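Since the structure is predicted, the reported quantities are computational estimates derived from the model, not experimental observations. A note on names: the letters A, B, ... follow the listed sequences, proteins ahead of strands, and every chain is numbered from 1. Hydrogens, waters and symmetry mates are skipped; everything else that's a heavy atom, side chains included, is used.
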Amino acid sequence: MTIAYGLRDRYCGEVDETCVGMNISVCGWVSRIRDHGEHLVFLDLRDHTGQIQCVVDKNINIRSEYVLKISGFVSYRPEENYNDKIPTGRFELKDCEIEILNTAEALPFSLNSKANIDEALRLKYRFLDIRSERMQYNLRLRHNVIQAIRESMSSLDFLEVDTPLLWMPTPEGAREFLVPSRLQKGHFYSLPQSPQIAKQLLMVGGMDRYFQIAKCLRDEDLRADRQFEFTQLDLEASFVGQDQIIEIVSKVISDLFLKILSVSVGPIESISWIQAMLTYGTDKPDLRIPITITDLTALFTSTKVNALRGSSVQAMLLKNVASLGRAKLDEFVAIAKRLGGKGLLWLRVVNDEQGLNFDSPVSKFLEDDDRQAFLKGLDPNEGDLILVVSDEPLLACQILHAVKTYAISEFLIKEEVSKTDYRFLWVTDFPMFESVDENGNAVAAHHPFTMPNEDDLQLMDSNPLKVRSSAYDLVLNGWELGSGSVRIHKREIQEKVFNALGLTDQEAESKFGFMLNAFRYGAPPHAGFGLGIDRLIAIVANESSIREVIAFPKSQSGIDLMTMSPTMVDDRTVKELGLSVLDKDKSETK
RNA sequence: GGACCUGUAGUGCAGCCUGGAGUGCACGUCGGCCUGUCAAGCCGAAGGUCGCGGGUUCAAAUCCCGUCAGGUCCGCCA
């Protein structure tokens with residue numbers, strides 16, 4: 001018996017020519033039984049490495065998913081009975097002795113079935129679901145990815161430091177989970193939405209380079225790519241700027257893809273936020289999709305068509321879909337209106353006696369200049385479909401992006417988007433503030449510790465919405481994989497940003513006083529990044545939801561279907577925490 | 001807070017639009033047969049609160065309303 005193998009001599013999937021002729025023991029679960037009568041029973045034993053066929057020639061009372069230790073002689077199968085579908089298909093265990101380590105009831109769903117098992121059922125019995133090949137693969141992949149990241153970070157002189165889970169609420173940003181304090185009644189810790197402030201304080205503490213495979217917690221609504229708790233590669237480095245962080249993260253990513261997938265990522269393109277918005281209509285474009293937005297404003301300055309006389313003219317060409325029915329086109333228009341646009345104009349490219357022409361609700365208003373403008377601006381072919389939104393540029397482009405996303409999900413070019421094509425993109429120069437609220441205060445686009453672009457500092461008071469920040473996102477195939485920024489390390493600039501956000505000095509002091517205080521004592525210039533590991537693994541695993549790469553995820557309404565948490569607790573427990581539950585009847589019926 | 005999709009035997013589905021006896025398929029389960037299978041095969045059997053509640057109707061899995069659960073998305077996610 002060895003440390004590695006315990007009760008067994010080999011793992012099931014490891015049986016190979018090196019052990020032919022040996023009497024070995026394997027342990028695992030019964031995957032399938034093929035019973036030919038008492039003289040011949042085939043039994044597939046499965047563990048985390050694979051499966052091996054065991055031949056039994058006596059009466060047994062074994063059922064699926066029993067836990068067995070099987071001892072037998074490893075033999076080659078008769079050559080005509082090789083099974084090429086599995087790695088151990090040339091071997092089998094003969095003259096087997098079976099020890100039943102545990103019995104099992106029939107499972108609520110089959111682990112062998114190729115059918116899609118209802119996800120709620122899988123989550124209720126997650127401990128069984130994890131036995132499936134899919135989950136075994138995904139969780140092993142997750143381990144390998146995290147392991148590779150730790151090695152990379154370590155080799156780049158980053159040091160892993162734990163930061164507290166029970167900490168200080170940071171009221172800006174995502175809604176946080178609160179934890180009542182028993183010892184300090186009426187006081188609360190919060191679970192961090194990210195270790196942001198802690199890692200900046202580590203920089204003040206002279207750690208130079210920090211990273212953490214960090215749990216982040218956000219009490220916001222769940223999605224396919226969002227869970228309450230998720231895992232982030234959190235990193236921060238001193239005396240570096242945007243370029244170094246981008247270089248570091250790019251290296252970690254490309255080393256990872258080479259190691260895990262043998263894929264060479266190559267240099268990662270970079271695009272400014274405004275350019276991304278105007279070209280793709282989103283700040284997280286999927287570069288695998290070759291549909292971009294063209295600004296035709298300059299070509300329609302003197303048009304008489306009202307639908308083309310908005311403050312800009314943004315157009316998108318969809319190849320070979322002019323046959324699309326009116327119902328779909330009406331849905332496009334509906335999407336545009338739902339997003340706050342005035343509408344959307346479509347033009348089918350046809351070929352008539354005048355050459356290329358347009359079939360559209362505005363056909364009869366189109367003058368020759370308008371036709372030429374579309375031909376010149378978009379170079380369409382017969383059978384293409386042109387979609388145009390004439391509105392404020394950002395809104396128009398966002399509408400076209402939404403329509404494009406819908407079109408792709410419904411009918412467009414799906415087969416052309418390769419799942420094994422990994423198109424990374426850095427998006428830089430995000431706006432510092434995304435809007436101004438009803439009180440005239442700016443609303444931060446990133447977090448309030450983000451350094452404004454130095455060239456825009458003088459706009460902070462006069463025109464804050466024009467201020468760019470030193471923030472950058474890493475995008476992969478339309479997923480936001482992570483984001484980071486250069487941080488403010490000077491107290492004066494930090495105060496200026498808090499002011500723009502509408503925080504009074506007193507508020508800033510009470511919420512972030514410890515941080516402002518730290519900045520009095522020599523904070524180094526620093527910058528960092530947070531990379532969503534669940535999303536990264538989901539993409540690498542070719543899964544469309546991060547739930548598939550998390551051992552025990554929650555449903556969209558935030559319930560763990562296995563434990564059925566969250567649960568009620570008894571009054572005494574609540575009272576001990578210095579709390580009382582309001583509207584209890586209502587919460588009990590839920 | 002909102003929109004849409006889904007819920008039928010242990011599992012995966014069909015049936016629903018156009019109301020007429022829980023009508024059907026595959027897998028699994030249970031029993032029997034079977035000495036080279038590998039999604040073994042053959043024979044047989046059991047297995048149903050059609051998510052739940054209400055309404056319309058002579059009659060509801062089917063139509064209507066509500067509700068619960070799951071999913072996708074919008075809002076939200078500094």
Side-chain angles (χ1 to χ4, degrees), chain A residues 31-44 51-58 63-65 75 77-86 88-90 92 94 105-125 128 170-176 192-194 196-197 216-228 230 331 334-335 338-340 402 405-406 409 430 432-435 442-450 469 471 480 483 485 497-498 501 503 511-512 530 532 544-545 547 553-559 561 564 589-590:
Chain A
S31 180
R32 280 202 169 88
I33 300 172
R34 292 174 295 280
D35 185 350
H36 291 246
E38 63 182 62
H39 299 292
L40 183 64
V41 179
F42 296 106
L43 195 153
D44 292 334
Q51 61 180 56
I52 180 68
Q53 171 167 289
C54 304
V55 187
V56 183
D57 56 1
K58 50 185 169 276
R63 303 193 184 280
S64 281
E65 300 303 320
S75 312
R77 300 184 187 187
E79 200 162 336
E80 65 273 19
N81 291 327
Y82 283 180
N83 181 356
D84 296 333
K85 291 181 202 159
I86 56 172
T88 62
R90 289 154 58 212
E92 61 191 9
K94 303 196 81 161
E105 293 177 21
L107 266 42
F109 55 89
S110 167
L111 299 181
N112 295 319
S113 157
K114 293 280 177 283
N116 283 326
I117 307 297
D118 179 57
E119 196 180 348
L121 191 67
R122 290 175 56 205
L123 290 178
K124 180 177 176 184
Y125 295 98
L128 297 179
T170 47
E172 324 297 314
R175 189 181 298 114
E176 293 174 311
Q193 48 186 297
S194 87
Q196 181 60 39
I197 294 176
C216 303
L217 298 110
R218 295 179 191 175
D219 188 4
E220 299 288 353
D221 287 5
L222 288 66
R223 289 281 194 284
D225 61 351
R226 278 159 39 186
Q227 284 272 304
F228 283 154
F230 60 99
E331 285 181 55
I335 289 171
R338 199 160 60 233
L339 290 176
T405 306
Y406 172 75
S409 71
F430 277 73
M432 184 79 186
F433 307 105
E434 64 189 16
S435 58
V443 178
H446 200 52
H447 54 61
F449 319 114
T450 302
S469 68
E480 182 197 318
S483 67
S485 62
V497 169
F498 282 156
L501 294 172
L503 264 69
K511 288 172 179 172
F512 304 109
S544 50
S545 161
R547 294 186 300 273
K554 289 173 184 61
S555 74
Q556 192 162 49
S557 48
I559 295 170
L561 294 172
M564 291 310 282
T589 57
K590 282 283 278 184

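Distance from the side chain of A:R218 is smallest for B:C77 among the nucleotides B:G70, B:C77, B:C76. Nearest to the side-chain atoms of A:S555 among the listed nucleotides B:G75, B:G71, B:U29 stands B:G71.
The residue A:L561 sits close only to the backbone: its heavy atoms come under 4.0 Å of sugar-phosphate atoms, none of a base. Base contact: A:Q196 has a heavy atom under 4.0 Å from a base atom. At the heavy-atom level, A:S194 lies under 4.0 Å from base atoms of the strands shown.
Counting heavy atoms of neighbouring residues, nucleotides and ligands inside a 6.0 Å radius, atom NZ of A:K554 exceeds 12 of them. Shown here is A:K114, whose NZ atom has no more than 12 heavy atoms of other residues, nucleotides or ligands within 6.0 Å.
Projected onto RNA chain B by closest heavy-atom contact, A:D221 and A:G173 fall at different nucleotides, the more 5' of which corresponds to A:D221. Along RNA chain B, the nucleotide nearest A:H447 and the nucleotide nearest A:R547 are compared for position; the residue whose nucleotide lies closer to the 5' end is A:R547.
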Heavy-atom protein contacts under 4.0 Å, nucleotides 30-38 of chain B, coded B base, S sugar-phosphate only, - none: SS--BBBBB

Summary of protein contacts for nucleotides 7-12 of chain B, nucleotide by nucleotide, where a base hit scores B, a sugar-phosphate-only hit scores S (4.0 Å, heavy atoms): ---SSS

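Of the candidates A:R34, A:R32, A:K85, A:D44 forms a salt bridge (Lys or Arg N to Asp or Glu O under 4.0 Å) with just one, namely A:R34.
Whole-Å rounding puts the A:L339 CG to B:C73 C1' distance at 12 Å. For A:Y406 and B:C4, the OH to P distance is 14 Å, given to the nearest whole Å. What separates CD of A:E105 from C1' of B:U29 is a distance of 12 Å, to the nearest Å.
Scored by the ring-ring contact (aromatic ring centres under 6.0 Å, His included) test, A:F42 finds A:H36 as partners (sequence neighbours excluded).
Across the P atoms, B:C5 and B:C25 are found 30 Å apart, a figure rounded to whole Å.
With respect to A:D221 and A:R226, no salt bridge is recorded, no charged nitrogen being found less than 4.0 Å from a carboxylate O.
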